Amino acid sequence: MQNFVYHNPTKVAFGKNSIGYLSKLLPKEGKIMLLYGGGSIKKNGVYDQVAKQLEGRDWVEFSGIEANPEYSTLSKAVEQAKSEQVSFLLAVGGGSVIDGVKFVAAAMEYDGDTWDILNGAKVTSAVPLGCVLTLPATGSETNKASVVNRSEMQLKRSFVSEHVRPQFAVLDPEVTYSLPDRQLANGVADAFVHVLEQYLTYPVNAMVQDRFAESIMQNLIDIGPNVFEPTNYEVRANLMWNATQALSDLIGVGVPQDWSTHMIGHELTALYGLDHAVTLAIVLPRLMQTQRKQKHAKLLQFAQRVWGLEISDEESAIDQAIEKTETFFQQLGIKTRLNEYDIDQSAASKVEAQLQKNGFLKFGEQGDITPSKAADIIAASV
Ligand code: NZQ
Ligand code: ZN
């Protein structure tokens, strides 16, 4: 196992009516800004529940953070929050709203062009934030990552800073009852791929991380078929906590990490606007095939422990594990080929050019995925 420092200080309030706990988590002094998305929280009653918790506080709001949050929208939030002297940010929504608010938090305290933050500039401070999660998928609620879009430049960039990790996360599984099937499927797939990005590399004898990762994947496989049941609390509660743990640092400490499926997938979102999880379901099966030699030992472990396959022939077990993974996404209702989204072979060179433009020249746990290899993966995914 590799050395690591582990510290995840996000306080989690989990369960039915946990939004009722919010006023205890919010600062008593200062000015709070509530930030949310396109209005789902107004329809499902979450806005009213949150507003009730804000009674007696000095607060303002900012709405309209879109899925795949836009830099231009977030810049308006930064301007408003600064002019209103906001001292605490409350994100209420899915990964896009939480990521967007993380950017706002860092940008409010950044001197200079705030795009630098997404260009690798170090974040040295941020306005404190907390969140109420409405879509289990990204893990953003307890992690330190943020992904921001700049669609006029076809860019999707991320940054990571301990300063933007939420102070608290309120996780009420009942708020997921209003989610459309598409977003529920996305949530299962995204969480599953998060685990694989931290697991499917090479063995370093990290027993806790491996078994924990395997159990999350098995849970998601079990939950998958039932996730669309409209008000099944047990399923939604388990989806929510599995998705949080899939990217809360715990399974990722002390192990090599990949993240190439995400890097290639982000370019597909930047180019074609595909949902984040959809891009992963398209890229991952082909990436597993391309990297099967480098990932051989872990692919076998994945085949055996997650899919319960007998290993009589190693290569055929790996083939079956890759096929089962793709079928799992398809059974969630996610199409796993680019042509099913009317995207043709020209995507390969476009993704290659995007990766070059972003300076992502070598990535993956071995540093051996290049823009040209990514183009081959995309070509095979049409
Ligand atoms: O905007 P509203 O009206 O709220 O509607 C949203 C949005 O249209 C809707 N929604 C959310 N909760 C709902 C709901 N509709 C009904 N009922 C509810 N309870 O769902 C739509 C999608 O929301 P979004 O936040 O975009 O989805 P998700 O949580 O999947 O987030 C995706 C974003 O997170 C980034 C992705 O790249 C993408 O930009 N990621 C962030 C990560 C991180 N911070 O660690 C890691 C991930 O790998 C990922 O890259
Ligand atoms: Zn993801």
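Numbers here simply count residues along the sequence, with the first being 1. The figures here come from the full heavy-atom set of this structure, side chains too, leaving out hydrogens, waters and symmetry mates. Since we're looking at a predicted model, the values are computed, not measured. We count ligands from 1, going down the list as the structure has it; atoms in each ligand are counted the same way.
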Participant: Measure the shortest side-chain to side-chain distance between Leu338 and Leu274 over non-hydrogen atoms and say whether it is less than 4.5 angstrom.
Facilitator: yes
Participant: To check your reading of the model: name the closest protein heavy atom to atom 3 (O) of ligand 1, its residue, and the distance in Å.
Facilitator: Ser40 N, 2.9 Å
Participant: May I ask you to decide if the ring planes of Trp241 and Phe14 are parallel, tilted or perpendicular, using 30° and 60° as cut-offs?
Facilitator: perpendicular
Participant: With a 4.0 Å cut-off on heavy atoms, is His266 in contact with ligand 1?
Facilitator: yes
Participant: Does Ile41 have a non-hydrogen atom less than 4.0 Å from ligand 1?
Facilitator: no
Participant: Which protein heavy atom lies closest to atom 13 (C) of ligand 1, and at what distance to 0.1 Å?
Facilitator: Leu179 CD2, 3.3 Å
Participant: How open is the angle at the Zn ion (ligand 2) from atom OD1 of Asp190 over to atom NE2 of His262, rounded to 10 degrees?
Facilitator: 120°
Participant: Please tell me if the side chains of Arg182 and Asp275 come closer than 4.5 Å, counting only heavy atoms from C-beta onward.
Facilitator: yes
Participant: Are the aromatic ring centres of Phe103 and Tyr71 under 6.0 angstrom apart?
Facilitator: yes
Participant: Under 4.0 Å from atom 8 (O) of ligand 1, do we find at least one protein heavy atom?
Facilitator: no
Participant: Could you list the atoms of ligand 1 found under 4.0 angstrom from a heavy atom of Ser178?
Facilitator: 16 (C), 17 (N), 18 (C), 19 (N)
Participant: Which atom pairs, donor and acceptor, lie under 3.5 Å between side-chain atoms of residues 47-55 and protein residues at least two apart or in another chain?
Facilitator:
residue: Tyr47; atom: OH; partner: Glu61; partner atom: OE1; Å: 2.3
residue: Gln53; atom: OE1; partner: Ser23; partner atom: N; Å: 2.9
residue: Gln53; atom: OE1; partner: Ser23; partner atom: OG; Å: 3.4

Participant: Does the side chain of His276 come within less than 4.5 Å of His266's, by heavy atoms?
Facilitator: yes
Participant: Give me the nearest non-hydrogen protein atom to atom 24 (P) of ligand 1 as residue plus atom name, then the distance to 0.1 Å.
Facilitator: Ser96 OG, 3.4 Å
